[in-house]
Amino acid sequence: MTGDGVNNSPSPWIADVGIAMGKNGSDVAKKASDIVLTDGSFATIIRAIAEGHRIYQNIQRFLLHYYIVIPSLALAVMSCLVLRDSPGLTVAPVSTTTMISIYAAVTPPASALSVQSASAIIMEEPPRPPTESIVNREILTGTFTYSIFAGITCAVAFFVPLYSVGGEDVQGITKEDFVTHFRARSSLLVTYLLCSLVAMTHCRSGCRPEWSLRGLKMTFTSHTVIGTLFIRRCLSGHLFVCPVVAIKGYGLIGII
């Protein structure tokens with residue numbers, strides 16, 4: 001509610017958001033309002049509302065990205081921990097060094113999602129209830145759907161190389177031979193990074209259609225997607241240049 005005179009100052013006072021005109025507004029209206037519009041232009045109100053919607057959506061994108069990528073990895077790791085090697089020890093699907101690298105790989109996309117520009121249809125969306133939590137039904141649905149799907153996909157990516165190559169015990173997982181185990185780890189890592197890229201694309205697009213010709217063009221020309229691919233390529237480059245680091249430092253080996 002906007003107001004500038006003494007007679008309409010009760011309206012901004014009882015409104016959810018009261019706005020007073022800074023140039024021509026009375027002192028009573030300014031004190032009764034929550035916001036003082038210094039330039040006195042109603043167009044500024046529209047831009048401020050759009051900016052507020054953008055910040056709110058970016059916070060939701062940031063949270064949704066982390067709510068998907070972290071639980072999905074945890075689900076995949078817990079699913080794979082049921083395996084045991086010949087001495088009866090747990091077969092770790094991800095090494096400690098790899099987990100740190102994964103966290104470093106998923107953090108820049110989350111940061112990029114928090115500074116996305118406003119959607120073209122942001123002002124066409126209906127207002128949300130004042131009592132609605134920032135973690136609303138859409139966030140919970142996306143978290144459950146994508147995290148479960150990504151977790152199961154990563155677990156399958158770990159089990160397939162493990163049981164598709166001949167060997168003893170858990171298909172080659174012995175103290176003398178870690179090749180199959182490391183290959184399964186590499187398969188899980190590649191699948192997880194691909195799933196996190198799909199999840200990041202979903203979080204970036206928001207309510208806009210993504211899986212169409214126009215949506216795919218926007219995806220592959222997005223600075224967020226291009227930056228994510230570049231950062232991950234830099235983080236994984238030393239694994240290709242120096243295989244000893246991949247094997248002894250990360251417990252990984254080539255899939256093929």
Side-chain angles (χ1 to χ4, degrees), residues 51-81 92-119 122 125 128-129 131-158 185-211 215 218-220 222-236 239 250 252:
E51 180 65 13
H53 287 181
R54 185 191 71 84
I55 295 174
Y56 187 84
Q57 284 187 350
N58 286 345
I59 294 175
Q60 287 186 321
R61 289 168 175 168
F62 179 87
L63 293 176
L64 180 59
H65 181 264
Y66 266 120
Y67 287 170
I68 291 175
V69 298
I70 301 302
S72 61
L73 179 61
L75 178 62
V77 170
M78 289 188 293
S79 301
C80 299
L81 287 178
V94 180
S95 65
T96 305
T97 310
T98 305
M99 293 186 70
I100 297 174
S101 300
I102 287 175
Y103 183 79
V106 300
T107 299
S111 302
L113 289 172
S114 63
V115 292
Q116 288 289 299
S117 58
S119 171
I122 193 170
E125 299 178 5
R128 62 183 183 275
T131 58
E132 181 183 87
S133 173
I134 193 170
V135 185
N136 54 16
R137 181 180 299 179
E138 182 181 356
I139 299 294
L140 295 176
T141 303
T143 300
F144 180 81
T145 304
Y146 276 85
S147 60
I148 294 295
F149 175 78
I152 294 176
T153 304
C154 292
V156 172
F158 182 77
R185 281 182 171 182
S186 301
S187 176
L188 186 150
L189 177 62
V190 172
T191 305
Y192 173 78
L193 292 178
L194 179 61
C195 291
S196 65
L197 183 63
V198 174
M200 186 270 295
T201 303
H202 166 70
C203 297
R204 184 194 64 84
S205 62
C207 59
R208 290 176 292 180
E210 195 71 30
W211 306 113
M218 292 175 59
T219 297
F220 290 109
S222 169
H223 296 292
T224 304
V225 177
I226 296 175
T228 300
L229 294 175
F230 176 76
I231 292 173
R232 291 183 178 180
R233 183 65 182 88
C234 293
L235 290 174
S236 61
L239 300 179
Y250 292 84
L252 303 172

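Keep in mind it's a predicted model, so treat the numbers as computed, not measured.
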Please identify each residue that fulfils side-chain contact (heavy atoms from CB on, under 4.5 Å) with [X], with sequence neighbours left out.
| X | value |
| --- | --- |
| A76 | C154 |
| S147 | P71, S72, T143 |
| V156 | I152, V160 |
| S133 | V135 |

Find the distance between [atom1] ([X]) and [atom2] ([Y]) and round it off to the nearest 0.5 Å.
| X | Y | atom1 | atom2 | result |
| --- | --- | --- | --- | --- |
| Y146 | S196 | OH | OG | 13.0 Å |
| M78 | L73 | CE | CG | 9.5 Å |
| L140 | Y67 | CG | OH | 9.0 Å |
| Q57 | L64 | CD | CG | 12.0 Å |

Which atom names give the shortest non-hydrogen contact between [X] and [Y], and what distance separates them?
| X | Y | result |
| --- | --- | --- |
| V94 | M99 | CG1-CG, 3.3 Å |
| G151 | L75 | CA-CD2, 4.0 Å |
| A199 | I68 | CB-CG2, 3.7 Å |
| Q60 | N136 | NE2-ND2, 3.2 Å |

Checklist entry - Is there a side-chain contact between S95 and R185 (heavy atoms, below 4.5 Å)? => result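 The answer is yes; the side chains approach within 4.5 Å.
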
Item to check | Residues S101, T98; criterion side-chain hydrogen bond (donor to acceptor under 3.5 Å, both in side chains); working and verdict | outcome: CA-CA 5 Å; S101 300; T98 305; 6.0 Å; no

Item to check | With R128 via salt bridge (Lys or Arg N to Asp or Glu O under 4.0 Å) - residues at least two apart | outcome: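 By the salt bridge (Lys or Arg N to Asp or Glu O under 4.0 Å) rule, R128 matches no residue at all.
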
Checklist entry - Quick check: does any side chain N or O of S187 sit under 3.5 Å from a backbone N or O of A157, one acting as donor and the other as acceptor? => result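 Yes, because the side chain of S187 sits within donor-acceptor range (under 3.5 Å) of the backbone of A157.
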
Next on the checklist: Any side-chain to backbone donor/acceptor pair from T141 onto E138? Under 3.5 Å, distance only.
Outcome noted: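 Between the backbone of E138 and the side chain of T141 there is no qualifying donor-acceptor contact (under 3.5 Å).
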
Pair up each side-chain donor or acceptor in residues 102-110 with any protein partner under 3.5 Å, not counting sequence neighbours, and list the distances.
{"from": "T107", "atom 1": "OG1", "to": "Y66", "atom 2": "OH", "distance (Å)": "3.2"}
{"from": "T107", "atom 1": "OG1", "to": "Y103", "atom 2": "O", "distance (Å)": "2.6"}

Checklist entry - So among L63, L113, V198, which one has a side-chain contact (heavy atoms from CB on, under 4.5 Å) with C203? => result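 Exactly one candidate clears the test, L113.
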
Next on the checklist: Pair Y192, V69 - check side chain to side chain contact (heavy atoms under 4.5 Å, CB included), show working.
Outcome noted: CA-CA 8 Å; Y192 173 78; V69 298; 3.5 Å; yes

